[in-house]
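Report on the following structure.
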Amino acid sequence: MSADGAENGSLQLPKMVSETPDYNDAYDAIIVGAGLAGTAAAITMAREGLDVLMLERGPAPGTKNVFGGVLYTPTLRELVDIDNAPTERYIAEKRFSMLTADGDETAVSVRPGAWRDEPHNDSYTVIRRRFDEWFAKQAVEAGVTLITETTVTGLIRDGKKIVGVETDRPDGEIRAPVVVLAEGANSLVSEGADLKASPDREDVAVSVKEVFKLDRETIDDRFRLDGDAGAAYQYFGEGAVGKAVGGGFVYTNKRTVSVGVAYRIEDAAHGQTPEATLDAFESHPAVAPLIRGGRRIEYSAHVIPEGGADAMPDLVHDGAVVVGDAAGLVLNSGVHLEGTNMAVESGYHAGKAIVAALADGRSDEAALADYPRDLENSFVVENLRHYDWFQQTIADDRQFLFEDLPRALADAETEFFRMDRTSKDEHTDAARDRLLDAAGGWFGAAKRAWRFRRMLS
């Protein structure tokens with residue numbers, strides 16, 4: 001258990017099954033994974049009267065789940081009383097920084113006053129073990145049966161139709177009309193059953209994170225916070241992730257600070273190790289003061305699907321649906337790093353579709369088609385399609401975006417604010433020329449501005 005989990009305690013889950021249950025009992029749906037997507041689907045179905053079984057391989061929900069640190073709650077608010085959830089801080093500030101390898105930083109900070117008012121832009125830092133346990137408890141109280149420490153090893157078929165799961169428990173076959181695959185980015189069951197292909201290397205990122213223990217007053221002082229206000233800092237450039245394509249982040253909790261990097265897995269395969277990248281990021285002059293004196297209490301790593309809408313697998317099959325990270329529903333592009341809201345949204349729509357299909361006595365692919373149709377019409381797929389171009393574009397222009405631009409910005413701001421006996425007009429012209437040189441002149445700057453216009457459209 002991480003120190004974050006130990007610090008905040010463990011929630012007790014009524015109705016959680018630790019012994020092998022009687023599998024002669026009929027379930028309407030089986031959910032593989034008690035993360036955000038799976039639990040959202042479980043609550044949606046249970047509240048419509050379905051008998052739902054949720055299987056979790058960890059000793060408790062959240063123990064196997066890793067993420068950067070920010071939970072987005074618009075759909076969660078529709079499912080549960082989020083005001084009673086174990087959140088850490090609401091996001092009162094977002095900060096975006098370009099870092100050079102030489103120690104320069106150019107930053108923009110956003111602190112809208114509206115974010116201080118409830119519901120705080122529905123953005124909170126959380127500790128996943130605490131939150132996922134609490135969220136699963138809401139599902140259990142809605143009637144869901146939760147079984148932990150149980151690994152699903154495969155799917156059961158009747159012809160082409162999926163009719164249940166195989167587990168590592170004795171006599172561990174469990175049958176149900178529908179299986180919800182909410183197993184996360186490492187989708188071994190889905191891939192083993194040929195419900196999705198293994199992702200291409202360019203469609204996967206690796207992320208590593210460390211958590212540092214600091215007293216609350218120190219965190220408040222360093223990040224200019226008060227009360228339950230928190231901060232989310234994002235970093236780009238060679239000073240954040242070296243020669244890779246990706247970025248770094250720093251998030252504040254109540255008494256800890258989460259620090260991490262995420263970048264293309266192919267860059268890691270080419271010799272840039274996650275550990276070395278994270279160490280260099282934490283040592284950067286823009287980051288090191290934020291965690292100085294902190295005690296490292298947790299290290300975690302995970303993979304992030306970032307292939308966009310084009311890399312999504314088929315979401316429905318005869319007797320099964322795929323949700324959350326397993327479906328590639330993560331937006332890891334530019335200033336938007338989202339996934340928690342997309343996971344919950346997909347679980348919600350999947351749950352609704354299953355309820356409607358079973359009401360008609362069906363669980364075939366056509367009967368479950370409301371799920372991908374509703375998801376297509378939601379913000380999830382719309383946002384994924386909006387940024388489909390982004391990953392390839394930044395990879396193609398990596399030299400400029402991660403090395404030349406941060407260096408040019410640092411040089412330009414140094415020149416613009418230089419104090420000497422030269423006129424301000426001369427300094428302004430020199431600063432402008434430095435930026436234009438890096439961009440390839442006026443034509444190059446206009447071409448890049450046009451290419452990245454969709455970030456603001």
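Predicted, not measured: the structure shown is a model, and the values here were computed from it.
- Take S97 and apply the side chain to side chain donor-acceptor pair (under 3.5 Å) test, not counting sequence neighbours, and it matches E105.
- Across I30 and G164, no two heavy atoms sit closer than the pair CD1-CA, 4.4 Å.
- Minimum heavy-atom separation, L375 to L329: CD2-CD1, 3.8 Å.
- Between Q138 and I43, some side-chain heavy-atom pair lies under the 4.5 Å cut-off.
- K94 places none of its side-chain heavy atoms less than 4.5 Å from the side chain of R111.
- In this structure, the side chains of H349 and N377 stay at 4.5 Å or more apart for every pair of heavy atoms.
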Practice problem: Give the intermediate values and the outcome of side chain to side chain donor-acceptor pair (under 3.5 Å) for residues S378 and E345. | Solution: CA-CA 8 Å; S378 75; E345 188 79 2; 4.6 Å; no

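- Considering only heavy atoms from C-beta on, L181 comes within 4.5 Å of L195 through its side chain.
- Contact annotation: the side chain of T277 never approaches that of D279 to less than 4.5 Å [non-hydrogen atoms, C-beta and beyond].
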Quiz item: Can you check ring-ring contact (aromatic ring centres under 6.0 Å, His included) on F249 and Y235, steps first, answer last?
Solution: CA-CA 6 Å; F249 59 83; Y235 300 85; 9.3 Å; no

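- For E56 and T148, the side-chain atoms include no donor-acceptor pair closer than 3.5 Å.
- A side-chain donor-acceptor contact under 3.5 Å links D81 and N84.
- The closest side-chain heavy-atom distance from T73 to Y124 is below 4.5 Å.
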Exercise. Check the pair D221 / T218 against side chain to side chain donor-acceptor pair (under 3.5 Å), numbers first and verdict last.
Key: CA-CA 5 Å; D221 288 344; T218 298; 6.0 Å; no

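- The ring-ring contact (aromatic ring centres under 6.0 Å, His included) pairs that include a residue from residues 50-94 are Y90-H120, where partners are two or more places apart or lie in different chains.
- The shortest non-hydrogen separation linking I304 to S207 is CD1-CB, 3.7 Å.
- Counting only distance, with no hydrogens or angles, the side chain of D318 and the backbone of K160 share no donor-acceptor pair below 3.5 Å.
- In this structure, CG in L358 is found 6.0 Å from CG in D28, a value given to the nearest 0.5 Å.
- Under a 4.0 Å N-O distance rule, the pair E183/R57 does not qualify as a salt bridge.
- Between A327 and L315 the shortest heavy-atom distance is CB-CD2, 3.5 Å.
- No hydrogens or angles considered: nothing links the side chains of R129 and T63 as a donor-acceptor pair under 3.5 Å.
- V245 and D267 make their closest contact through N-OD2, 3.0 Å (heavy atoms, listed as atom of the first residue, atom of the second, distance).
- A distance of 12.0 Å separates CG in D215 from OG1 in T256, rounded to the nearest 0.5 Å.
- Salt bridge D220/R89: present, at least one basic N to carboxylate O contact under 4.0 Å.
- Both tests pass for R95 against the ring of Y233: distance under 6.0 Å to the centre and angle within 45° of the axis.
- Atoms OG1 and CG, from T340 and L71 in turn, are 4.5 Å apart once rounded to the nearest 0.5 Å.
- V257 has its side chain within reach of I219: a pair of non-hydrogen atoms, C-beta onward, lies under 4.5 Å apart.
- For the pair L146/P61, a side-chain contact is recorded, criterion being any heavy-atom separation below 4.5 Å from C-beta on.
- Residue Y348 qualifies as open at atom OH: its count of foreign heavy atoms under 6.0 Å is 12 or below.
- Closest heavy-atom contact between G294 and L214: CA-CD2, 3.4 Å.
- Note that CZ of R373 is 11.0 Å distant from CG of L368, once rounded to the nearest 0.5 Å.
- In summary, D364 and R362 engage in a salt bridge, as defined by a charged side-chain N under 4.0 Å from a carboxylate O.
- The closest side-chain donor-acceptor pair between S363 and K161 falls under 3.5 angstrom.
- A donor-acceptor contact shorter than 3.5 Å is absent between the side chain of T44 and the backbone of G351.
- Partners of D83 according to the salt bridge (charged side-chain N to carboxylate O under 4.0 Å, His left out) rule, which considers only residues two or more places apart in sequence or in another chain, are R77.
- A salt bridge links R216 to D228: one of the charged nitrogens lies within less than 4.0 Å of a carboxylate oxygen.
- Here R255 contributes atom CZ and I127 contributes atom CD1; the two are 10.0 Å apart, rounded to the nearest 0.5 Å.
- Note that the CD atom of E210 and the CD atom of E282 stand 4.5 Å from one another [nearest 0.5 Å].
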Self-check item: From CA spacing to verdict: salt bridge (charged side-chain N to carboxylate O under 4.0 Å, His left out), K243, E403
Solution: CA-CA 8 Å; K243 300 294 184 181; E403 296 183 42; 3.2 Å; yes

